[in-house]
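Predicted model, so just to flag it, every value in this text is computed and none were measured. Order of the sequence lines sets the chain letters (A, B, ...), proteins ahead of strands, with each chain counted from 1.
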Amino acid sequence: MRHLLDTASLDRPAIEELLTLTDSFVEVSGRQIPKVPALRGRTVASLFYEDSTRTRLSFETAAKRLSADTMTFSVSTSSVNKGESLRDTALTIEAMGVDAVVVRHRSAGAPHRVASWIDAQVINGGDGWHDHPTQALLDCYTLRQRLGGLDGVRVAIVGDVKHSRVARGDVHAFATLGAEVTLVAPPTLLPPSLAGWPVRVAHRLDDVLDEVDVVYLLRMQQERMTEALVPSLREYTAGYGLTRARAGRLGPDAVIMHPGPMNRGVEIAPEAADDPRAVIVDQVRNGVAVRMAVLFRLLGAEGRTGSLGADAPTDTDAPADTPADADAPTDADKESSRA
Amino acid sequence: MPESLVLKGGRVVEQAGERVADVVVSEGRIVAVGPDLSADRVLDAGGCVVAPGLVDLHAHLRQPGQEEAETIETGSRCAALGGFTAVVAMPNTTPAIDSAAVVREVQELARAALCAVHPAGAITVGRAGERLAPLAEMAELGVRLFTDDGTGVQDDLLMRRAMEYAVGLPHDVVLAQHCENAELAAGGHMHEGEWSSRLGMAGQPSEAEEAMVARDIALARLTGCRVHMQHMSTAGSVALVAAARASGLAISAEATPHHLLLTHAACASFDPVFKVNPPLRTEEDVAAVRRGVADGALDVIATDHAPHTPDAKDEPFDQAPPGMLGLEFALGVALSVLDLPLGEVLARMSWRPAAVAGLAGTQGGPVEPGRPANLCVIDPEASWTVEAGATASRSRNIPYVGRTLKGRVRHTVSAGEPVVVDGVAQR
């Protein structure tokens, strides 16, 4: 795996490998000092052209827990405001010696373009409506954590699928792991074509609520009203919101998911968001470990010949207890770089 | 004595048929056609077809105003290398070709060109779609094709008035339309369908094109205006045009090489070299466009040669401008994908576009003594692979890199001058 650009390029073994690796990093994250030296000396840059505090912080936290150096490229204070192109910006960042770049961009395919211009590894941190592969992975991980696996699990993805990179990534990843996915939305919020999508479609949430194990609610944006895609938020909530009453129809083992940030009272009622069956906080928490797995897989496993599972960090990857330790290579680092 | 030139050993293919003959050119005209002719200079046409030069109804030469992407000189060099002896230059320049002054400027610049360059005039001032451009003033200078290409004239009534006014001009002109309903296409960067859905890209539905094709057919019926439909890309458009032509309306229509070959699946790489307007469509659309060309509903193949600098295309897909190079590859693509006799391909690339553009007196005509010497020599069996950067254009947006094409231009003679010899531009 040279880059992580989309979920479509991940087959089942690749996803499962990353989820297994994530187990190790969940363990690391649970330690008193949640840090390993696996990526010491490596630099991970965040190139975020679109506001996303939670994804950026999640990646940066992941990189720091792996002892990588981090750089944040903030578009609002950068040369982009002076008209610098994405290509020139990417080349500039690469010239500073980064090993990986996390790209968030409002344009679908922007990370693919960056990957074609530079040698560093590129991770898609969300591109337009296209994909958000680490979100898909953390969603898979969270579901596996809660349900044991996704084979045969019935998932309803509800809401604005058309404009959702989360939905596109999740559909592929969930289906690859064996889930049965149903998209629930009015036709105006579905992609123009679903040819090749491993999904069923329903236009009413009430039609599927009794037969799903997981309800995944997508964020509903105000601007969809002005685009005449739905008449009003009120009407949307009436048809597609996970209201308290609808949450009450879900089984005791059902799972409620949301990529955040939530519009409480619109796509999800406050009671549903805080329901014990909701795993929304788990999704965020697992996001760090999943991103650690992705960074480790891309940067830490370079040149390794053994299986990745065997290379996952263990207790021998001593956490950096002190700043001095953090700056000095440890035996574990040497082992890591040699491997 | 001026130097004479003979195209020797070729098979002459023209509208009236074909025969084996040498063709002698002198002082800009064909002076003899027959067996065993000699002249001061010999250009080998052995194994090749000698034909009237190709005529492109749809080239963006970017001058004035966007010379970093192309100039009339470099664009005409591409044209000559592609076998074209005349191109119609689209008016979406900066400023737009919407007045006598800009027409004269382009005509002046065209003196340095390697082929005839005929400016198209804008239908509306600044191509803004708000008020009619001085069509008569431009027609007086020889403009015979008007279009706001790059955008369609959205206002139904204004388009009706343009057609009515054009009918009354003392010259026979044609109104060409970039058929795109702006509201339906708004925000779209590729064809709306399977691939736009997968890639998360806003798309343009086929119906955005077809709605304007249908409107213009209705207006052509209402006004009697001669109308040319540019770059037809959907099966629905082809069907509409076919029905309109069958009903006797004076409608011509063009297909581009890229809509004959490429589908929207090419956009999966997110490489903006495949971004074009109208967008690359489905396999069914490509098949329909090919059938339309074969059965004559689409009677012209035009390049829509649209150069953009590498910087402009080095952007994310949705931010890059639409357009791809075409002049040097059009014949190769056409011969590679169309199951048609060479004469039929030449009809759509030479004499038919010449007639549409009012150029039949100088272009696309019979290969016979006395006619202007606008000729191309084609090796129909040559096989060549398109290489990155292998173009005379100032731009590099070639969508065919790595593809093997069949048929290549060996020589081009424009107004009697051998501007391309053995595949090499002479200036």
- [ ] Please check if atom CD in A:Glu227 has more than 12 non-hydrogen atoms from other residues, nucleotides or ligands closer than 6.0 Å.
- [x] yes

- [ ] Can you establish whether the number of heavy atoms outside B:Asp339 located under 6.0 Å from its atom CG is more than 12?
- [x] no

Task: Interatomic spacing from NE2 in B:His264 to OG in A:Ser193 - rounded to 0.5 Å - done: 8.0 Å

TODO: Examine whether an atom of B:Gln319 lies under 4.5 Å from a heavy atom of chain A, and if so say whether it belongs to the side chain, the backbone or both; otherwise answer neither.
DONE: side chain

Open item on the list: Around atom CZ of A:Arg200, are there more than 12 heavy atoms from other residues, nucleotides or ligands closer than 6.0 Å?
Closed with: no

- [ ] Using non-hydrogen atoms and a 4.5 Å limit, figure out which bit of B:Asp318 sits close to chain A: side chain, backbone, both or neither.
- [x] side chain

Task: Closest-packed option against chain B by number of heavy-atom pairs under 4.5 Å, given A:Pro192, A:Pro111, A:Pro191 - done: A:Pro192

- [ ] Count the heavy atoms belonging to other residues, nucleotides or ligands that lie under 6.0 Å from CD of B:Glu283, then report whether that count exceeds 12.
- [x] no

TODO: Would you name the heavy atoms of B:Pro316 and A:Leu86 that are closest together and state the gap between them?
DONE: CG-CD2, 3.7 Å

Open item on the list: In terms of relative ring orientation, are B:Phe270 and A:His112 parallel, tilted or perpendicular, with 30° and 60° separating the classes?
Closed with: tilted

Open item on the list: What I'd like to find out is whether the side chain of B:Asp271 reaches to under 4.5 Å of the side chain of A:Arg113, using heavy atoms alone.
Closed with: yes

Task: Heavy-atom pair count under 4.5 Å with chain B, highest-scoring of A:His172, A:Arg87, A:Arg168, A:His163 - done: A:Arg168

TODO: Count the heavy atoms belonging to other residues, nucleotides or ligands that lie under 6.0 Å from CG of A:Asp207, then report whether that count exceeds 12.
DONE: yes

Task: Residue pair B:Arg198 / A:Trp197: nearest heavy atoms and the distance that separates them - done: CG-NE1, 3.9 Å

